[in-house]
Amino acid sequence: MGSVLYQSGSPLASLHTSVLEWYDANARVLPWRDPAAGPWAVMVSEFMLQQTPVARVLPAYQRWLERWPKPADLAAEPPGEAVRAWDRLGYPRRALRLHAAAQAIVERHGGEVPDDHAALLALPGVGTYTAAAIASFAFGQRHAVVDTNVRRVLARALTGVAQPTISPTAADQRLAVTALPEDVRTAARWAVASMELGALICTARTPRCGDCPIRSQCAWVLAGSPPYEGPPRKGQTYEGTDRQVRGRLLAVLRSEHGAVPKKALDACWQDHVQRERALDGLVADGLVEPLPRNQYRLPT
DNA sequence: AATACGTGGAG
DNA sequence: TCTCCAAGTAT
């Protein structure tokens with residue numbers, strides 16, 4: 001299907017040109033985008049950016065790479081150190097998976113982040129998005145890099161709806177593949193540029209269409225910017241959930257370097273049943289290590 | 001396919 | 001204040 005789509009003057013080619021020019025002029029300067037940063041830096045950033053905003057990632061990212069400049073540096077440390085360094089980025093299982101991925105890289109890839117998409121996908125914590133992102137951002141390959149930003153940009157620009165589906169679909173993936181420029185280098189630039197457009201202009205809440213480089217080509221805008229129609233998005237409550245309890249427990253364990261008596265953890269949460277469940281869950285996830293004499297610590 | 005999984009800033 | 005939501009993955 002490609003040939004017609006990519007002729008000069010075709011709708012997609014025009015879209016590509018507009019977004020790429022906009023990116024060249026408006027891209028944020030981010031440390032993992034420095035060409036000298038390398039694949040490991042890209043990989044660390046991608047793990048941290050899974051569901052966590054750029055602003056909160058920045059300081060943790062800097063400290064992480066300073067301390068563990070190569071996968072082998074991280075792999076040589078206990079997983080608990082990764083959890084501690086993860087600080088308050090949220091979803092600390094990502095820290096554990098990044099640590100496990102670093103070990104896998106040492107064992108299976110000689111300590112170098114693999115450039116093969118399938119090899120990336122086989123690493124702990126690397127899913128379809130992250131594998132494509134590393135392959136594209138770090139190695140300049142041609143992949144559809146489909147995150148929430150890209151899904152939203154494509155939903156609006158091409159499908160003409162206000163919001164993408166609540167969860168990623170195969171249709172999203174197909175659409176992204178269809179929209180991917182044929183040329184490898186252009187595809188890699190498009191991947192990061194379309195994501196950046198979603199992050200800065202084509203935002204979820206209040207899109208800045210007045211500043212958008214493709215507003216004249218956007219199917220949603222051309223349709224009169226119709227409001228979102230679809231199932232209501234379930235606003236997840238956090239107060240009172242096991243997640244909150246886990247967060248509190250882990251915060252205590254992160255702050256203590258040695259063994260923590262269970263009594264100190266008990267102070268985190270009133271409800272005994274829920275507290276025990278949360279602690280058991282942390283142990284089951286490998287985020288906490290139980291010790292003799294009713295003590296706990298981060299995994300070694 | 002639906003659900004679990006943290007945290008905190010912005011509007 | 002309170003809701004929304006931020007470069008997803010694993011089960």
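The basis for the numbers below is simple: all heavy atoms, side chains too, and nothing from hydrogens, waters or symmetry mates. Just so it is clear: chains get the letters A, B, ... in the order the sequence lines come, proteins before strands, and each one is counted from 1. Predicted model only: the values in this text are computed from it and were never measured.
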Pair [X] + [Y], salt bridge at N-O below 4.0 Å:
X	Y	result
A:Arg67	A:Asp73	no
A:Glu77	A:Arg84	no
A:Arg297	A:Glu256	no

| request: List in numerical order all residues of residues 189-200 of chain A for which some heavy atom is under 4.0 Å away from an atom belonging to DNA chain B. | output: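 Contacts with DNA chain B under 4.0 Å: none.
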List the residues meeting side chain to side chain contact (heavy atoms under 4.5 Å, CB included) with [X], not counting sequence neighbours, and say none if there are none.
X	answer
A:Ala157	A:Ile214
A:Pro226	A:Trp220, A:Ala223
A:Leu58	A:Pro31, A:Trp32, A:Val54

| task | Check which hydrophobic residues are tied to A:Val252 through side-chain heavy-atom contacts below 4.5 Å, counting indirect links as well, and list them. | result |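 Listed partners: A:Val83, A:Leu96, A:Val245, A:Leu249, A:Leu250, A:Leu253, A:Val260, A:Leu265, A:Trp269, A:Leu279, A:Leu282, A:Val283, A:Leu287, A:Val288, A:Tyr296, A:Leu298.
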| field | A:Tyr129 and A:Glu46 side chains, donor-acceptor separation under 3.5 Å | value |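 Per modelled atom types, A:Glu46 and A:Tyr129 side chains form a pair under 3.5 Å.
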| Looking only at side chains, do A:Thr203 and A:Arg152 share a donor and an acceptor under 3.5 Å apart? |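 No, because no side-chain N or O of A:Thr203 sits under 3.5 Å from a partner of the opposite role on A:Arg152.
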| field | Partner set under ring-ring contact (aromatic ring centres under 6.0 Å, His included) for A:His143, not counting sequence neighbours | value |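 So A:His143 forms a ring-ring contact (aromatic ring centres under 6.0 Å, His included) with A:His117.
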| message | Going by the rule ring-ring contact (aromatic ring centres under 6.0 Å, His included), which residues pair with A:Trp68 if we only count those two or more places apart in sequence or in a different chain? | response |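 For A:Trp68 the ring-ring contact (aromatic ring centres under 6.0 Å, His included) partners, ignoring immediate neighbours, are A:Trp64.
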| message | Using a 4.0 Å cut-off on heavy atoms, which residues in residues 149-160 of chain A reach DNA chain C? List them by number, or say none. | response |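 Close to the strand are A:Asn149, A:Arg152.
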| query | In residues 17-39 of chain A, what residues come within less than 4.0 Å of DNA chain C, judged by heavy atoms? | reply |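 The stretch gives A:Arg28, A:Leu30, A:Trp32, A:Arg33 as the residues lying under 4.0 Å from the strand, ordered by number.
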| request: Quote, to the nearest angstrom, the C1' distance that separates B:dC5 from C:dA6. | output: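 These two C1' atoms come out 14 Å apart once rounded.
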Do any N or O atoms of the protein come closer than 3.5 Å to N or O atoms of nucleotides 1-3 of chain B, and which pairs are they?
none

| field | Contacts of type salt bridge (charged side-chain N to carboxylate O under 4.0 Å, His left out), residue A:Asp285, not counting sequence neighbours | value |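 Salt bridge (charged side-chain N to carboxylate O under 4.0 Å, His left out) list for A:Asp285, sorted by chain: A:Arg93, A:Arg246.
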Just the table, please: protein N/O against nucleotides 6-8 of chain B N/O, every pair under 3.5 Å.
| residue | atom | partner | partner atom | Å |
| --- | --- | --- | --- | --- |
| B:dG6 | OP1 | A:Pro92 | N | 3.4 |
| B:dG6 | OP2 | A:Arg246 | NE | 2.3 |
| B:dG6 | OP2 | A:Arg246 | NH2 | 3.2 |
| B:dG6 | O4' | A:Tyr91 | N | 2.9 |
| B:dG6 | N7 | A:Arg243 | NH2 | 3.3 |
| B:dG6 | O6 | A:Tyr91 | OH | 3.1 |
| B:dG6 | N1 | A:Gln51 | O | 3.3 |
| B:dG6 | N2 | A:Gln51 | O | 3.1 |
| B:dG6 | N2 | A:Thr52 | OG1 | 2.9 |
| B:dG6 | N2 | A:Leu89 | O | 3.0 |
| B:dT7 | OP2 | A:Tyr238 | OH | 3.3 |
| B:dT7 | O2 | A:Arg56 | NH1 | 2.6 |
| B:dT7 | O2 | A:Arg56 | NH2 | 3.1 |
| B:dG8 | OP1 | A:Arg88 | NE | 2.4 |
| B:dG8 | OP2 | A:Arg88 | NH2 | 3.3 |
| B:dG8 | O4' | A:Arg56 | NH2 | 3.4 |

| query | Side-chain heavy atoms under 4.5 angstrom apart, residues restricted to Ile, Leu, Val, Met, Phe, Trp, Tyr: same cluster for A:Leu121 and A:Val42? | reply |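 Different clusters.
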